[in-house]
Amino acid sequence: MQDRYDPRAIEADAQKFWAERRSFHVTEDKARRKFYCLSMFPYPSGKLHMGHVRNYTIGDVLTRHHRMRGMNVLQPMGWDAFGLPAENAAMANKVPPAKWTRDNIAYMKQQLKSLGFALDWDRELATCDASYYRWNQWLFTRLFRKGLAYKKTGVVNWDPADQTVLANEQVIDGRGWRTGALVEKREIPMYFFRITHYAEELLAALEGMDGWPEQVKLMQKNWIGRSEGVRIGFEYALENQKKILWVFTTRADTLMGATFCAVAAEHPIALHAAKSSPQLAAFVEECRRGGVQEADLAKIEKKGMPTGVFCTHPISGEKLPVWVGNYVLMGYGEGAVMGVPAHDERDFAFALKYGLKIVQVIDVKDFSGTQWREGYVEPGRCIHSGKYDGLDFQASIDAIAADLKARGLGEKQVQWRLRDWGISRQRYWGCPVPIIHCPSCGDVPVPDQDLPVVLPEDLVPDGTGNPLNKLASFVNTTCPSCGRPAKRETDTMDTFVDSSWYFARFACPGQDTAMVDERARYWMAVDQYIGGIEHAILHLLYSRFFQRAMADEGLMPKELREPFTNLLTQGMVLAESYYTDADGRREWVNPADVAVERDAKGKITSAKRIRDGAPVAYDGIGTMSKSKNNGVDPQSLIEKYGADTARFYTMFASPPTHTLEWSDESVEGSFRFLKRVWAYCVKFKAGSAAADAESLRKATRYEIHSVLRQLNYDIDKHQLNTVASGAMKILNALERLEGFPEAAREGLQILLKVLSPITPHICHALWRELGFGEDIMREAWPDPDPAALVQDEIDYVVQVSGKTRGNVRVPRDADQPAIERLAAEAVKKYIGGKPVRRVVIVPGKLINIVV
RNA sequence: GCCGGGAUGGCGGAACUGGUAGACGCAGCGGACUCAAAAUCCGCCGGUGGCAACACCAUGUGGGUUCGAUUCCCUCUCCCGGCACCA
């Protein structure tokens, strides 16, 4: 046995051992409980970052733990390989996205292997492979025929200089990232998935999803956004024709306080009125400016302009002005709202700004009418509302809705915030939408026998749109239904389509005649899904939609409607950033190149660049990013300390769900711990067994089994940082022992077993070196021995009036009066002569004497 | 702007279901070993006052519930994630 811990050698050995035995290859086995453990697959950006290491280590620890619990565990890996960064890299380096992507995959795969993850590589897939994306296309054609996929116009960011559609990410401060031109909104035809068909179900099912964090379910619930309200019609005349302006409101009780209506700039009333008013046309044009991001739209100054059109209040018959408002969204509800300044903050500000009438109709206190007050939106009894006066929130809504319904001017309605999912992207590096546009037959889905529509892989985009548009051999085709010349759709699919079902495909390696097969029935649903909290809404909601669409298509059992039974959302990995402002130019300095100085208490006082001693300024802590040059490369970490240290550190530093703040010194500490484990085992192997003193044996076993009990509790709730510290506590207990009695042997085996999911290589090596067995991975996970946890005496905390004043040791079988007597004796001086009002006893823990 | 989350020593974090705040580790300080350094090992380590015993203060802010609050409720501040074409 080597005296020194040499991670490089033992990690290579262990990985070879697993590879030769195909240790992580799994197949369906009806006899054992299956466990499908999945981490979100990576985008092949070039090399792994710390977020990947953390994500995949969490997944690997859970995988290995469940294996040791006797389950049939599947942990696959693949590549989310389509997307924008490949096109950017292609433009920068004049390399086709396909080559760039596949080179990255090869490199990152080797990195993942060096980390020793228990992955079944036989199931590897990349979404850019035609063998994968053909099934995107196949399912699309199925949904298209069903009407679950359809075409309509959608709004996009338009760069007028490059004449191209921009991703939100490519819009910087309202301008195109390459041209600097002011971005506009533009409507173009797109394909949509009808996710709203499942809105009700996607919402209702959240209720039973106990394995998901409340926080994520709440975000999804709010995103789907079910609201009950009333659709209300305001009559108006346009060119002598009677028309109805429909609005949706959740506050029909305030209808009698409506003093205006506002429509979106794209609303027919606005467009019509703009024809005869140059000012209004200019305002509508102004609303077109800017991108489509909701965060920006919500922050712009609320502006409006009257259309000159008046509509009729459906109850009072009063004439109300119709305004165009830049805050009204065409995509939500009817693209129009009623304005009730007295009971809506936004309407209030709008009314004050433009001198519109404010009428209070709900009995809220302190209504001043000149300044917005908290509480104006609170529901209450109706006032100044004619026949509705005195009715409360629900009663007034019921009465108003009934009256409107009787006159054909409204009814109760359920409205969803959720919008259908636009999947068309005017980009090259993605899955082609399998549609052929025929002048006589219209949009024809590509027939099954012609799938896949293969993406040509040798194009290099130039930033002015999708190069597929210019590729005649791709575009020109014949109509599958009439045989005449036709054009192929050149839009590709949103990459979220690729990632909405990959987990099902992992179950079916080698299947080339179907999207999924019966093996998916064995493995699905994913028992444990792990990934970043940033995916809490979109990816996870789209996957839930896909699972339903696939089940309803007969691809999976109809009742299997949720893809992920348990979800763990990991926190981000953050790092400090530093910069110098030498000669007026800010230069970001990587934390690895910075030396900090501390005062006597260890507080940081200053920082310098190691290379030249130049003082650097601290910029705080944030996500690792290229722009701030604060990324920590996992590769250098693995090379310096080995995979086990990298794995241990990422588990120990922070609970999986919290952010992790990078610290080089703490990495050092993790390495030191593994060295101590190795050194202890070297001594253990050389030492001779000592006799167990009964008391020593009992105390040590109590200590180790107590830690084990807590550790098992922690690992079951995925609090892996305290699992790591539990392992440290066990080593501390072992090192306190004199010699190596039987209790040490038992404790050491427990230590190696509980540590092995986190640091599998070193545990594999030590298990074999010490002759404990051939393969620690095949050992059963340890449980605490109840006999070891029984104590003869119990320590109680004694409080006087809630303040801790002492401890008292009482025999296990002491009765309550005896405990009270011992406790009172222990804190006699704090009680003094004061009368005892009450004694609170928490069994096994604490006594509080209230005086 | 809207939705969700977070804040505990110099730092990362722990505290089982409301029950000793600071486990485990990092940094720091002191010591051992060494010609010396590294490595390793031992001790100390929230703040204030005190020779000490000990006392008081302390879990972002302000309030509340409770015998007892880091934990539950309300208020505010700051930070982070998402907002539908980044993945």
Side-chain angles (χ1 to χ4, degrees), chain A residues 40 42-43 45 80 83-85 154 156-157 165-171 213-216 218-219 221-223 225 291-300 327 331 346 418-419 421-427 494-496 499 532-539 541-542 569 571-572 574 596 598-604 620-623 652-655 657-670 672-673 675-676 679 709-710 713-714 719 721-722 724-729 732 795-799 801-807 837-840 842 845-846 848-851:
Chain A
M40 290 181 187
Y43 177 78
S45 55
D80 187 14
L84 208 46
V156 294
N157 302 302
V165 176
L166 297 177
N168 282 337
E169 185 186 60
Q170 298 171 320
V171 179
E214 288 304 322
Q215 153 200 13
V216 174
L218 192 53
M219 279 193 265
K221 182 184 171 198
N222 292 336
W223 184 263
V292 298
Q293 291 182 62
E294 181 167 327
D296 293 340
L297 293 175
K299 273 182 277 204
I300 54 173
Y327 63 93
R346 197 172 51 187
L418 182 68
R419 308 199 294 259
W421 174 15
I423 59 154
S424 294
R425 297 291 179 270
Q426 298 67 45
R427 261 176 276 289
D494 180 2
T495 56
F496 274 125
S499 56
I533 182 70
E534 66 273 19
H535 294 290
I537 295 174
L538 294 180
H539 163 60
L541 192 61
Y542 292 150
T569 49
M572 316 264 296
L574 309 179
V596 296
R598 295 165 192 274
D599 63 16
K601 286 182 177 171
K603 195 174 182 174
I604 296 175
I621 203 144
T623 52
F652 177 65
S654 184
T657 54
H658 291 203
T659 54
L660 184 157
E661 293 174 32
W662 189 260
S663 153
D664 283 320
E665 290 95 346
S666 295
V667 173
E668 197 70 53
S670 298
R672 198 175 302 157
F673 167 66
K675 282 194 286 189
R676 270 175 60 209
R709 181 177 53 181
Q710 182 65 41
Y713 177 83
D714 289 346
Q719 186 166 307
N721 56 323
T722 48
S725 72
M728 288 174 148
K729 286 177 190 176
N732 288 347
D795 285 320
Y796 273 82
V797 172
V798 187
Q799 297 184 331
S801 298
K803 276 187 187 268
T804 301
R805 294 300 189 185
N807 291 280
R837 285 216 331 253
R838 162 176 188 196
V839 178
V840 181
V842 183
K845 280 201 184 106
L846 173 141
N848 187 13
I849 300 168
V850 185
V851 297

>> From the set B:rA84, B:rG12, B:rA27, return the single nucleotide nearest to any side-chain atom of A:Gln293.
In response: B:rA84
> Out of B:rC16, B:rC85, B:rU20, which has the shortest distance to the side chain of A:Gln426?
Replying inline: B:rC85
>> Is there a side-chain contact between A:Leu418 and A:Leu541 in this structure, where contact means two heavy atoms from C-beta onward sitting under 4.5 Å apart?
In response: yes
> So which one's nearest nucleotide on RNA chain B is more toward 5', A:Val797 or A:Arg676?
Replying inline: A:Val797
>> Quick check: closest heavy atoms across A:Val165 and A:Arg427, and the distance to 0.1 Å?
In response: O-NH1, 4.0 Å
Provide a list of protein-nucleic acid N or O atom pairs under 3.5 angstrom, restricted to nucleotides 65-74 of chain B.
from, atom 1, to, atom 2, distance (Å)
B:rC67, OP1, A:Arg838, NH1, 3.3
B:rC67, O2, A:Asn848, ND2, 2.2

>> If you only use heavy atoms from C-beta on, which nucleotide in B:rA23, B:rA14, B:rC85 is closest to the side chain of A:Val165?
In response: B:rC85
Just the atom pairs and distances: protein N or O near nucleotides 54-57 of chain B's N or O, under 3.5 Å.
from, atom 1, to, atom 2, distance (Å)
B:rA55, OP1, A:Arg805, NH1, 3.4
B:rA55, OP1, A:Tyr830, OH, 3.0

> When you measure from the side chain of A:Thr804, which nucleotide among B:rA23, B:rA14, B:rA21 comes out closest?
Replying inline: B:rA21
>> I need the CZ-P distance between A:Phe673 and B:rU40, as an integer number of Å.
In response: 14 Å
> How many Å lie between CG on A:Asp296 and C1' on B:rC85, as a whole number?
Replying inline: 14 Å
>> What's the gap between B:rG46 and B:rG10 when it is taken at their C1' atoms, as a whole Å value?
In response: 10 Å
>> Checking the side chain of A:Ser670 only, and the main-chain atoms of A:Ser666 only, is there a donor and an acceptor separated by less than 3.5 Å?
In response: yes
> For A:Asp714, which contact category applies under a 4.0 Å heavy-atom criterion: base, sugar-phosphate, or nothing?
Replying inline: nothing
> Please walk me through it: do A:Asn807 and A:Val797 pass side-chain contact (heavy atoms from CB on, under 4.5 Å)?
Replying inline: CA-CA 5 Å; A:Asn807 291 280; A:Val797 172; 4.1 Å; yes
>> Just the rounded figure in Å: distance from P of B:rC85 to CD of A:Glu169.
In response: 13 Å
>> Please verify the inter-ring angle class for A:Trp421 with A:Tyr542; under 30° counts as parallel, over 60° as perpendicular, anything in between as tilted.
In response: parallel
> Quick one: is B:rA14 close enough that its OP1 or OP2 comes under 4.0 Å of any side-chain N or O from A:Tyr713?
Replying inline: no
> Which whole-number value in Å describes the distance from A:Leu218 CG to B:rC3 P?
Replying inline: 10 Å
> Taking the P atom of each, how far is B:rA21 from B:rA15, in whole Å?
Replying inline: 16 Å
>> Minimum heavy-atom separation for A:Val667 and A:Trp662, please, with both atom names.
In response: CG2-CZ2, 3.7 Å
>> Students often get this wrong, so: under 4.0 angstrom with heavy atoms, is A:Leu846 touching a base, only sugar-phosphate, or nothing?
In response: base
> Where the side chain of A:Val156 is concerned, which of B:rA27, B:rC85, B:rA15 is the nearest nucleotide?
Replying inline: B:rC85
>> Whether the side chain of A:Asn157 engages the backbone of A:Val292 through a donor-acceptor N/O pair (distance < 3.5 Å, no angle test) should be reported.
In response: yes
> Any idea which of B:rC3, B:rC86, B:rC16 is nearest the A:Asn222 side chain?
Replying inline: B:rC3
>> Return whichever of A:Asp795 or A:Gly669 has its heavy-atom-nearest nucleotide of RNA chain B closer to the 5' end.
In response: A:Asp795
> At under 4.0 Å, does any side-chain N or O of A:Arg672 touch on OP1 or OP2 of B:rA27?
Replying inline: yes
>> What's the closest nucleotide to the side chain of A:Asn721 if the choices are B:rA14, B:rG12, B:rA39?
In response: B:rA14
Set out, line by line, the N/O atom pairs under 3.5 Å between protein and nucleotides 77-83 of chain B.
none

>> Between B:rC26 and A:Glu668, counting only base atoms on the nucleotide and side-chain atoms on the residue, is there a donor-acceptor pair under 3.5 Å?
In response: no
> Of the nucleotides B:rC3, B:rA27, B:rU20, which has the atom closest to the A:Glu665 side chain?
Replying inline: B:rA27
> Taking atom P of B:rG13 as reference, at what distance in whole Å does atom CD of A:Gln719 sit?
Replying inline: 12 Å
>> Say we look at B:rA55 and B:rG6: how far apart would their C1' atoms be, to the nearest angstrom?
In response: 35 Å
>> Taking only the C1' atom of each, what is the distance from B:rG60 to B:rU8 in whole angstrom?
In response: 10 Å
> If you look at every strand shown and take non-hydrogen atoms under 4.0 Å, does A:Pro655 touch a base, only sugar-phosphate, or nothing?
Replying inline: sugar-phosphate
> In whole Å, what separates the C1' atom of B:rU40 from that of B:rA58?
Replying inline: 37 Å
>> Below the 4.0 Å mark, does B:rU20 have OP1 or OP2 next to a side-chain nitrogen or oxygen of A:Lys845?
In response: no
> Separation of A:Arg709 atom CZ from B:rA15 atom P, in whole Å?
Replying inline: 15 Å
> Mind checking the P distance from B:rC56 to B:rC2? Whole angstroms is fine.
Replying inline: 45 Å
>> Taking pairing as Watson-Crick or G-U wobble with both contacts under 3.5 Å, can you name the mate of B:rA87, or confirm there isn't one?
In response: none
>> Distance check, P atoms only: B:rU34 and B:rG22, in whole angstrom units.
In response: 38 Å
> Of all the nucleotides listed (B:rC16, B:rA21, B:rA87), which has the minimum atom distance to the side chain of A:Asp80?
Replying inline: B:rA87
> Using a cut-off of less than 4.0 Å, is there contact between a side-chain N or O of A:Ser725 and OP1 or OP2 of B:rA23?
Replying inline: no
>> A side-chain contact here means heavy atoms from C-beta on lying under 4.5 Å apart; do A:Met572 and A:Glu534 qualify?
In response: yes
> Can you check side-chain contact (heavy atoms from CB on, under 4.5 Å) on A:Leu538 and A:Trp223, steps first, answer last?
Replying inline: CA-CA 9 Å; A:Leu538 294 180; A:Trp223 184 263; 3.9 Å; yes
> Does the side chain of A:His539 come within less than 4.5 Å of A:Met40's, by heavy atoms?
Replying inline: yes
>> Taking any heavy-atom pair under 4.0 Å as a contact, classify A:Gly726: base, sugar-phosphate, or nothing.
In response: nothing
> Taking atom types as modelled and ignoring hydrogens, do the side chains of A:Ser499 and A:Asp80 form a donor-acceptor contact shorter than 3.5 angstrom?
Replying inline: no
>> Partner lookup for B:rC67, please. Criteria are Watson-Crick or G-U wobble with both distances under 3.5 angstrom; report none if nothing qualifies.
In response: B:rG19
>> Pairing check on B:rC33: which nucleotide meets the Watson-Crick or G-U wobble criteria with it, both distances under 3.5 Å?
In response: none
> Which of the following nucleotides, B:rC24, B:rC85, B:rU40, is nearest to the side chain of A:Arg425?
Replying inline: B:rC85
>> Could you tell me how far apart A:Phe496 (CZ) and B:rC86 (P) are, to the nearest whole angstrom?
In response: 8 Å
> Is B:rG28 paired to anything, Watson-Crick or G-U wobble with both distances less than 3.5 Å, and if yes, which nucleotide?
Replying inline: B:rC44
> Is the base of B:rG46 syn or anti, if syn means a glycosidic angle within 90° of 0?
Replying inline: anti
>> I need the NE2-C1' distance between A:His658 and B:rG12, as an integer number of Å.
In response: 12 Å
> Does A:Thr495 make a side-chain N or O approach to OP1 or OP2 of B:rA87 shorter than 4.0 Å?
Replying inline: yes
>> Give me the distance, rounded to whole Å, that separates B:rC83 from B:rA69 when you measure between the C1' atoms they each carry.
In response: 36 Å
>> For B:rG4, give the paired nucleotide (Watson-Crick: N1-N3 plus N6-O4 or O6-N4; G-U: N1-O2 and O6-N3; both under 3.5 Å), or none.
In response: B:rC80
